[in-house]
Amino acid sequence: MQKELPPAYEPKTVEETIYALWDRSGYFDPDNLPARHKKPFTIIMPPPNANGSLHIGHALFVTLQDIMIRYQRMQGKKTLWLPGADHAGFETQVVYTKKLEKEGRSFWGMPREQLYNEIKDFTLANKKYMEGQLKKLGASCDWSREKFTLDDNIIDVVYQTFEQLYNDGLVYRAEKPVNWCTKHQTTLSELEIKHEEKLDKLYYIKYQLQEVKGQMSKVKSYIEVATTRPETIPADIAIAVHPKSKWSTFIGKNVLNPLTGTAIPVIADAHVELGFGTGALKITPYHDPADFAIWQDHRTEITATPFSVIDQFGKLTAEAGADLAGLKVVPAREKSVELLRPHFAKEPEAYQHQVAVCYKCNTTIEPRIMMQWFVKMTEKPARKGQKSLRDLAVEAVKSKKIKFIPARYEKVFMHWMKNLHDWNISRQIVWGIRIPVWYCADQRTAVCKEKEGVIVTTKQPTTCPHCGGTSLTQEQDVFDTWFSSGQWPFATLMANKPGDFKTYYPTDVMETGWDILFFWVARMTMFGIYRTGKIPFRTVYLHGLVRDKERQKMSKSKGNVINPLEVADQYGTDAVRMALIIGTTAGNDPIISEDKIRGYRNFANKVWNASRFVLMNHRELSAKPKFTTEDKKSLKDLAAAKKKITGYLNKYDFNHAAETAYHYFWHTFADKVIEQSKERIKSDNAADAAAAQAVLLEIISESMKFLHPFMPFITEQIWQMLPGDPRGLLMVEKW
RNA sequence: GCGCCUUUAGCUCAGUGGUAGAGCGUUUCAUUGACAUUGAAAAGGUCGGAGGUUCGAUCCCUCCAAGGCGCACCA
């Protein structure tokens with residue numbers, strides 16, 4: 001008889017001890033696994049942003065990945081689950097500056113170094129806290145290989161990639177239209193802006209034909225132009241009309257800017273929609289990317305140099321004229337409307353359209369022309385026989401070298417790939433990896449002049465390699481975080497123990513949220529193949545966004561947030577894990593509520609008490625048990641359940657695997673097998689009682705195995721109490 | 001505009017070309033026995049609508065409706 005077991009499972013007293021037991025065993029590190037673990041199975045953990053604490057969404061990914069790792073470890077794989085943390089450049093700087101605001105401080109005017117160091121302290125503190133949280137959730141990852149996105153050796157790898165891209169002509173510097181957030185004072189990529197429905201007005205403005213000596217216009221003496229942004233009219237440098245529009249007679253003539261009186265040419269361009277507005281479009285290259293493109297196509301006809309009338313804070317500049325200068329965009333619009341009223345062709349119309357806004361703060365994005373670094377996504381590199389970044393990824397997916405779960409995301413992935421544009425990777429923030437570019441002010445040779453003094457190198461230079469000059473300054477901008485995290489699978493392995501890259505790359509599964517399919521998975525696919533010639537992962541498993549019972553997104557403001565650590569404390573980590581997995585299918589948003597967690601707490605208790613019953617009635621067998629037909633059926637059912645679970649796990653169908661285990665254990669084993677055994681155990685027929693007990697023990701033992709990936713703590717605890725000495729760890733037991 | 005997804009029991013969700021499933025909830029009964037964090041049972045669905053393919057459709061195809069989401073330089 002074992003020592004007295006409490007009648008209810010007490011997760012609190014078990015979890016910490018069990019995690020320490022695993023940790024001490026060293027088995028998280030694949031190098032320490034027994035010899036039978038040969039074939040590697042690798043998951044690189046998506047590094048959580050170290051700017052807060054883990055939420056229930058993190059608990060979901062931890063559970064999914066831990067299930068895969070624990071299952072494969074028991075299957076005899078050499079399992080590596082490599083943890084990490086992300087400095088999350090822009091996101092963390094936003095969080096931190098908000099924190100400063102709350103404290104009544106401002107980052108504005110703070111020296112770069114100081115802000116960087118403060119955010120660094122903040123991030124590292126969060127990172128440490130999150131590691132503890134991951135352990136609490138049972139993550140069986142290899143802490144000895146943990147990586148941070150700002151580790152020196154990670155940055156080295158990122159710099160090498162940048163240099164290679166530059167040498168291949170896939171990275172370039174150019175003055176192009178970019179998305180500018182006037183609040184955050186940085187540019188953003190196409191993925192970091194959203195489009196919002198907005199009700200604005202469409203203004204119809206007359207641009208008078210410039211009077212030419214001795215010539216009178218016969219029909220109309222003006223072009224009507226429709227615009228939503230009259231405040232940018234001072235920066236107009238042309239009017240474009242469709243060649244077949246009613247304004248075609250104006251092509252080649254000049255019209256007068258209604259605000260400045262400047263003469264600007266009328267040009268023909270088929271991009272102008274005939275059916276929209278008036279069929280005439282004002283060309284304001286510095287404030288509209290489409291206009292910028294049209295200007296580039298017509299540089300010979302348009303003699304004026306484009307310029308900007310809005311500054312980095314969203315205020316009109318002196319070039320906009322005395323009436324508008326100093327006003328913010330919205331008041332400037334009102335003022336310009338007032339000034340333009342005499343030039344109205346007709347009354348403004350209400351106009352519903354999509355406006356680009358910052359995905360963080362919803363501030364309207366101001367298109368600006370800025371000198372930035374870009375990655376070419378669709379063009380071939382300079383090297384012979386090489387494919388564009390896009391084609392590398394598209395081919396890997398098309399050829400099924402990379403598979404998506406669920407498969408429908410393959411289409412979503414491909415659709416995005418179709419519409420790719422060059423990627424702006426410069427950010428005007430301090431928290432991040434400084435772009436490894438230096439500018440030479442001396443430019444003493446023709447080579448240096450030709451390269452515009454640009455030096456791209458992985459190590460800080462002291463002299464200019466082009467001209468020997470010494471006046472070097474480093475690029476101020478940092479990388480878009482996704483430029484570096486897009487290299488995570490190979491960077492973490494290259495920057496780790498010697499031989500790791502060779503052994504563990506390509507990795508097996510990338511398990512992450514569908515919301516970062518483009519941000520992250522697409523970039524990892526492209527960079528992974530570009531840098532290593534191999535796909536970074538074979539399977540992409542996508543999970544959804546955890547929602548509450550009312551399908552609401554969890555947010556602090558709604559007060560519906562479930563803190564995974566709190567509920568784990570209350571109901572046990574195993575219960576939280578089960579609640580996250582059962583009823584959840586890949587790619588769909590899981591629904592979770594406290595009721596559901598409570599339900600699986602009850603299940604954990606059932607597991608505890610069934611085991612308690614078996615242990616209480618256990619006696620050492622004196623002879624080989626004689627199984628009845630009933631016993632044989634019970635063992636057959638057990639084998640069938642296990643086979644089903646194994647099949648589901650192999651298909652990454654964790655929902656059904658967990659549900660089958662749950663259903664078998666509770667409603668077949670506990671409700672039927674145990675109930676039926678009670679009479680036999682009590683009976684005088686010792687041999688039959690022994691057979692019944694042997695069946696129970698066998699089922700408990702096997703059940704702990706197939707429940708382990710889902711409920712690691714309670715199963716390991718019970719495993720340790722089962723008879724048999726010495727007992728190894730269930731964690732590395734053969735499946 | 002282009003594209004993707006969803007629609008199944010009161011609720012949350014699974015699922016299959018052959019008489020519909022789970023959990024929770026509801027109702028009835030039982031029981032201090034490993035577990036009341038329990039057990040036994042019941043009620044409850046023309047599987048969004050209309051066509052089509054098929055011996056047979058909740059499942060495959062087409063159209064429609066409602067909802068969700070992604071992409072997109074129509075001023």
Anything under 3.5 Å between a donor and an acceptor, one on a side chain of residues 193-200 of chain A, the other on a protein residue two or more places apart or in another chain? List them.
unit_1 : atom_1 : unit_2 : atom_2 : d
A/K194 : NZ     : A/N362 : OD1    : 2.9
A/E197 : OE1    : A/Q352 : NE2    : 2.7
A/E197 : OE2    : A/Q354 : NE2    : 3.0
A/D200 : OD2    : A/H353 : NE2    : 2.8

Out of [options], which has the shortest distance to the side chain of [X]?
X      : options             : value
A/T585 : B/A34, B/A14, B/U37 : B/A14
A/R601 : B/A75, B/C35, B/U37 : B/U37
A/M616 : B/A14, B/A34, B/A75 : B/A34
A/K411 : B/C4, B/C35, B/G15  : B/C4

*Map A/P7 and A/F276 onto RNA chain B by nearest heavy atom, then report which one ends up closer to the 5' terminus.*
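In this pair, the answer is A/P7.
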*Considering heavy-atom distances to RNA chain B, does A/A604 or A/A280 have its closest nucleotide positioned more toward the 5' end?*
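Whichever sits nearer the 5' end wins; that is A/A604.
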What residues form a ring pair (Phe, Tyr, Trp, His ring centres under 6.0 Å) with [X], not counting sequence neighbours?
X      : answer
A/H271 : none
A/Y286 : none
A/Y204 : none
A/F710 : none

OP1, OP2 of [N] versus side-chain N and O of [X]: anything below 4.0 Å?
X      : N     : value
A/N602 : B/G23 : no
A/Y9   : B/C35 : no
A/T228 : B/A75 : no
A/K418 : B/G3  : no

*Nucleotide by nucleotide, 5' to 3', does protein get under 4.0 Å of the base (B), only the sugar-phosphate (S), or neither (-) in nucleotides 39-45 of chain B, counting heavy atoms?*
SS-----
[X] [atom1] to [N] [atom2]: how many Å, rounded?
X      : N     : atom1 : atom2 : answer
A/N655 : B/A14 : CG    : P     : 8 Å
A/Q693 : B/A34 : CD    : C1'   : 14 Å
A/K596 : B/U12 : NZ    : C1'   : 7 Å
A/F613 : B/U38 : CZ    : P     : 18 Å
A/M414 : B/C2  : CE    : C1'   : 18 Å
A/E273 : B/G1  : CD    : P     : 13 Å
A/L274 : B/A75 : CG    : C1'   : 14 Å
A/E197 : B/G68 : CD    : P     : 13 Å

Measure the acute angle between the ring planes of [X] and [Y], then classify it against the limits of 30° and 60° as parallel, tilted or perpendicular.
X      : Y      : result
A/F519 : A/Y359 : tilted
A/Y662 : A/Y600 : perpendicular
A/Y203 : A/F344 : tilted
A/F603 : A/W666 : parallel

*What pairs with A/K418 under side-chain hydrogen bond (donor to acceptor under 3.5 Å, both in side chains), at least two apart in sequence or on another chain?*
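Listed in chain order: nothing, the list is empty.
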Mind checking [X] for me? I need base, sugar-phosphate or nothing, with any heavy atom below 4.0 Å counting as a touch.
X      : result
A/F292 : nothing
A/K282 : nothing
A/V272 : base
A/I674 : base
A/G599 : nothing

Under-4.0 Å salt bridge between [X] and [Y]:
X      : Y      : result
A/E630 : A/K672 : no
A/R333 : A/E231 : yes
A/E702 : A/K642 : yes

Expressed as a whole number of Å, how far does the [atom1] atom of [N] sit from that of [M]?
N     : M     : atom1 : answer
B/C5  : B/C63 : P     : 14 Å
B/A34 : B/A20 : C1'   : 35 Å
B/U26 : B/U62 : C1'   : 41 Å
B/U37 : B/G70 : C1'   : 43 Å
B/C59 : B/A50 : P     : 12 Å
B/C64 : B/C73 : C1'   : 33 Å
B/G56 : B/G17 : C1'   : 8 Å
B/U16 : B/G25 : P     : 27 Å

*Given the rule that a pair is Watson-Crick or G-U wobble with both distances under 3.5 Å, how would you write RNA chain B in dot-bracket, using | for pairs to a different strand?*
(((((((..((((....[..)))).(((((.......))))).....(((((..]....))))))))))))....
Between the protein and nucleotides 69-73 of chain B, list the N/O to N/O atom pairs that are separated by less than 3.5 angstrom.
unit_1 : atom_1 : unit_2 : atom_2 : d
B/C71  : O2'    : A/N419 : ND2    : 2.8
B/A72  : N6     : A/Q354 : NE2    : 3.3

*Return the set of residues passing side chain to side chain contact (heavy atoms under 4.5 Å, CB included) with A/D631 (not counting sequence neighbours), or none when no residue passes.*
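Residues passing side chain to side chain contact (heavy atoms under 4.5 Å, CB included) with A/D631: A/F627, A/T628, A/R680, A/A691, A/V695.
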Pairwise N/O distances under 3.5 Å, protein to nucleotides 8-10 of chain B:
none

_When you measure from the centre of the six-membered ring of A/Y351, is the NZ or CZ of A/K201 closer than 6.0 Å and no more than 45° off the axis?_
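Not satisfied by the 6.0 Å and 45° rule.
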*Residues which pass salt bridge (charged side-chain N to carboxylate O under 4.0 Å, His left out) with A/K335, listed by chain and number, not counting sequence neighbours*: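 If we apply the salt bridge (charged side-chain N to carboxylate O under 4.0 Å, His left out) test to A/K335, skipping adjacent residues, the hits are A/E338.
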*Side chains of A/T573 and A/E15: donor-acceptor distance under 3.5 Å anywhere?*
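Yes - a donor-acceptor pair under 3.5 Å links their side chains.
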